[in-house]
Number of protein chains: 2
Amino acid sequence: MPKQTFLNLPETKRKAFLDAAIEEFAGRDYASASISHIVAQLGIAKGSVYQYFEDKRDLYLYLIDLASRERIMFVQSAGPPDSQKGFFIYTQWLLEMGARFGFEHPRLNQIIYRAMFGDAPFRDDMLRQMKESSLGLIRQIIMQGIAAGEINPDLDLDMTAYLLNLITNEFGNYLVSKLAIDPQRLIEGDYAQLDIEATRGIFTKAAEFMWHGLAKRSSSIVETPSSVRN
Amino acid sequence: MPKQTFLNLPETKRKAFLDAAIEEFAGRDYASASISHIVAQLGIAKGSVYQYFEDKRDLYLYLIDLASRERIMFVQSAGPPDSQKGFFIYTQWLLEMGARFGFEHPRLNQIIYRAMFGDAPFRDDMLRQMKESSLGLIRQIIMQGIAAGEINPDLDLDMTAYLLNLITNEFGNYLVSKLAIDPQRLIEGDYAQLDIEATRGIFTKAAEFMWHGLAKRSSSIVETPSSVRN
DNA sequence: CAGTCACATGACTGACCAGTCACATTGTAT
DNA sequence: ATACAATGTGACTGGTCAGTCATGTGACTG
């Protein structure tokens, strides 16, 4: 969707442009995000943007695409845990990866979040498609879990997938508020403040909730380990 | 927050104004919602709006307040189930009320949703306060549940409250997509299409998930009834 | 050096917006 | 009927925006 001109651009220029654009679209919803801001920030002419992209929408969709690909790469590059360990561990890992991506790429994460739950005027385009693909993946995982006899087969598949998707997408936000993390410092790459190890307990608790729900369990019956570390 | 002038207005006029304003702010995010649209819709002068409210922001905050109060009234007017029935039933009821409010007052619901998860430029004003109050209520319910010995005391209170709040707020959206409900027709009050009785099964499933999570339960141990019907 | 191509520029257009204000209209009390 | 207050009005101001386009620049080519 970017024009050839954009792809021909020297790397530094292209990076700088993307950086500013990501910053803008992460920080404001589609209606408020402004091409004028971006060019002012970069000190380039407005016309340049229209040499690179068809229009605002085109740029936006490209950023969504980029962020999604980045996220998929991020998750895939950190290999999933051994499937032998069961789906509890897998759930925990999924949560952790979601949150970790949010910490390491807060702006990309924000763009994805806005695309999923905000309202750009393109709900029907590739947006729903993205949502669907994300849901599809989770649905698949749940089905495997059911097949493996670990997941309650009485659960409504669609609903459960929806709720899991919701939780994995929102969980980072909870962490940010819980740990009193300054989002601005996160965005500036200053996440030295974050100790992933120290927060692992929270992932375990979240996975625990997703896995066993609210109900008090009689202590003797534990089907899935909740005291696992890594 | 409305000026006296607005409160003096004849009922029909006031209602008509609110109706148009709600329509506008439900349908577009804060930045895109337009006073000009509202007055055009109503056929009144723009100046009038500024006789009624300080500014756009003032109007918006009033609508949020109104919607919140309406929602609280809605939920309270349908009395909660007998606390004897336990927290599983209570959870189910909470979900159902949330969804039902969404169906019967889709526009107000949308305004609340936008206030909670969208980004108006007032996150720090009464917005967070609203979020906090909602979270506070849920936290209280969870604590009661723990005290009553029904809820797993190992769960992180804050986190669980956050997730429950998230789910109860988002669940209506899931129903809308799941049941292929046309949001436009909902807004137009045409919710004859909706059969609350028929959807009750979905609430039960959702409560089931919240209550027992993903894990398959060995069939013999059931601490909380999952086959309850009202 | 002339010609061509890729890219950059920024003033400009038409549109939309929130908010204002001098003036007009309506209602009410005397 | 008169006076006064309350309410309504809409053209106008200053601002922002997306997108355009005629012009400029620099690099490479033959």
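Each chain gets a letter, A, B and so on, in the order the sequences are listed, and its residues count up from 1. This is a predicted model, so every value here is computed, not measured.
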The answer to which of B/Gln51 and A/Ser34 contacts DNA chain D further toward the 5' end, by nearest nucleotide, is B/Gln51
- Item | Earlier contact from the 5' end, DNA chain D, for B/Gly47 and B/Asn8 |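 By nearest-heavy-atom nucleotide position, the 5'-most residue is B/Asn8.
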Which of the following nucleotides, [options], is nearest to the side chain of [X]?
X       : options               : answer
B/Ile35 : C/dA18, D/dG19, C/dA8 : C/dA18
A/His37 : D/dT20, D/dC17, D/dT9 : D/dC17
A/Ala45 : C/dG19, C/dT9, C/dA8  : C/dT9

Does [N] have OP1 or OP2 under 4.0 Å away from a side-chain N or O of [X]?
X       : N      : value
B/Lys46 : C/dC17 : no
A/Ser36 : D/dA18 : yes
B/Thr5  : D/dA6  : no
A/Tyr52 : C/dC7  : no

Mind calculating the distance between [atom1] ([X]) and [atom2] ([N]) to the nearest angstrom?
X       : N      : atom1 : atom2 : result
B/Leu9  : C/dT26 : CG    : P     : 16 Å
B/Tyr50 : D/dT7  : OH    : C1'   : 17 Å
B/Ile44 : C/dT26 : CD1   : C1'   : 16 Å
B/Glu24 : C/dC17 : CD    : C1'   : 12 Å
B/Arg28 : C/dA18 : CZ    : P     : 11 Å
B/Asp55 : C/dC17 : CG    : C1'   : 14 Å
B/Arg14 : D/dT7  : CZ    : P     : 13 Å

Tell me what [X] touches on the nucleic acid: a base, only sugar-phosphate, or nothing, going by heavy atoms under 4.0 Å.
X       : value
B/Ser48 : base
A/Ala33 : sugar-phosphate
A/Phe6  : nothing
A/Lys56 : sugar-phosphate
B/Lys3  : nothing

Subject >> Sub-4.5 Å side-chain heavy-atom contact between A/Ile64 and A/Arg114 >> reply: no
Heavy-atom side-chain proximity of B/Leu66 to B/Ile111 below 4.5 angstrom | no
NZ/NE/NH1/NH2 to OD/OE distance under 4.0 Å, B/Lys3 and B/Asp58 =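 No, this pair does not count.
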If you measure from the Lys or Arg side-chain nitrogens to the Asp or Glu carboxylate oxygens, is any gap between A/Arg69 and A/Asp65 under 4.0 Å?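 Counted as a salt bridge, because a side-chain N and a carboxylate O are separated by less than 4.0 Å.
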Q) Once the angle between the rings of A/Phe17 and A/Phe53 is folded into 0 to 90°, is it parallel (under 30°), tilted (30 to 60°) or perpendicular (over 60°)? A)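 Rings of A/Phe17 and A/Phe53: parallel, under 30°.
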Which nucleotide, in any strand shown, forms a Watson-Crick or G-U wobble pair with D/dT29, with both distances under 3.5 Å?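 Pairing partner, where one exists within any strand: C/dA2.
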Checklist entry - Okay, side chain of A/Lys205, backbone of B/Leu157: is any donor-acceptor separation there less than 3.5 Å? => result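 Between the backbone of B/Leu157 and the side chain of A/Lys205 there is no qualifying donor-acceptor contact (under 3.5 Å).
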